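One structure below.
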Amino acid sequence: MSDDNKSIQELDLICEYYGSLERQGPGSVETTLKALSFIEGLNHESKVVDLGCGTGGQTMVLAKHLQGEVIGVDMFPKFITLFNDNAHRYGLSSRVKGEVGSMDQLPFAKSSLDLIWSEGAIYNIGFKNGLTYWRSFLKKGGYVVASEISWFTEERPKEIQEFWNSAYPEIDTIPNKIAQMQQAGYVPVATFIIPVDCWTENFYYPQHEVQEVFLERYHDNEWAKEFIQSQREEEMLYNKYRDFYGYVFYIGKKM
Ligand code: SAH
């Protein structure tokens, strides 16, 4: 979800589209919990933030499995409203709160956070840039967990190389991303690839129905039609080239 050069109406449509989905990026309960299993030392006094939290699919999973305070940050007010409704619905609202804000202008005190989480969202400010900026907000011994699109192989077909070079030029191989994490001042603790069904069953398939509704509702809106077309193209490319790229969790510790 890149929002460069988009009008307010286009952003509203993007919000409406993704807001009607439980997740706004590929992932699953299992992968969130797997990533959480690498984090040590959390307790009821811990302060955790989820940056680019969307409507909070993964945040609620996290919050249910850890003690302490969890703050979700997202730039879209509509997502934060849905996030806070979700927290309420799960009986978590006393320690789980969503706030509108930007992940590159955090309102937290330096060295105040135990864990910074971000699934499928750090690309908005760039992986290395985000990791570097976020580090000063972590306590010594605190962790960062970010999932990021990555190449699985050193070489890949031209079609998919060109697609990602244009969509997100910072896409890189797993060893290069790990090196960037280390250069940003973390000890890389763990890395794992999320399974294919996180993309298909949990991310692309639920969009199919939303796409039909959208095309009907906005049949006279050229931009909406192009948007749906680009979503379909991305899914088609994923199915064709999923051996070459995917989302990878990177877990690092500030020493
Ligand atoms: N973590 C969620 C959402 C991923 S989609 C999930 O995995 O389901 C990426 C999210 O980043 C969107 O909700 C988008 O609104 C948010 N986002 C984009 N730029 C942002 C920024 N600068 N600051 C905070 N959130 C941002």
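Fair warning: this is a prediction, and the values are worked out from it, not measured in the lab. Whatever order the structure lists ligands and atoms in, that order sets their numbers, starting from 1.
Of all the listed residues (S147, G54, G52, G56), G52 holds the heavy atom that lies closest to atom 1 (N) of ligand 1. When the heavy-atom distances from atom 19 (N) of ligand 1 to M75, E22, Q58 are ranked, the shortest goes to M75. Distances from atom 15 (O) of ligand 1 to the heavy atoms of T55, D74, L21 show the closest one on D74.
Those atoms of ligand 1 that come under 4.0 Å of a heavy atom in G120, given as number and element, are 4 (C), 5 (S), 9 (C). Counting atoms of ligand 1 from 1 in the listed order, those under 4.0 Å from a heavy atom of F79 are 13 (O), 15 (O). Heavy-atom proximity to A121, at under 4.0 Å, picks out these atoms of ligand 1: 9 (C), 11 (O). Taking every heavy atom of G101 and a limit of under 4.0 angstrom, the matching atoms of ligand 1 come to 23 (N), 24 (C).
Atom NE2 of H88 has 12 or fewer heavy atoms from other residues, nucleotides or ligands within 6.0 Å.
For ligand 1, one of its N or O atoms has an N or O atom of M103 under 3.5 Å away. Between Y123 and ligand 1, no pair of N/O atoms sits closer than 3.5 Å.
At least one cation-pi condition fails for K34 and F249: the charged atom is not both under 6.0 angstrom from the six-membered ring centre and inside a 45 degree cone around its axis.
Salt-bridge annotation for R232 and E235: absent, with no side-chain N of the basic residue lying under 4.0 Å from a carboxylate O of the acidic one. Contact check on E16 versus K78 returns no salt bridge, with no Lys/Arg side-chain nitrogen under 4.0 Å from an Asp/Glu carboxylate oxygen.
In the model, D50 has a side-chain atom that pairs as donor or acceptor with a side-chain atom of T59 under 3.5 Å. For the residue pair Q211 / Q231, no side-chain donor-acceptor distance below 3.5 Å is found, with atom types taken as modelled. A donor and an acceptor atom, one from each side chain of T32 and E119, are located under 3.5 Å apart.
Contact analysis puts C53 in contact with ligand 1, with a non-hydrogen atom separation below 4.0 angstrom.
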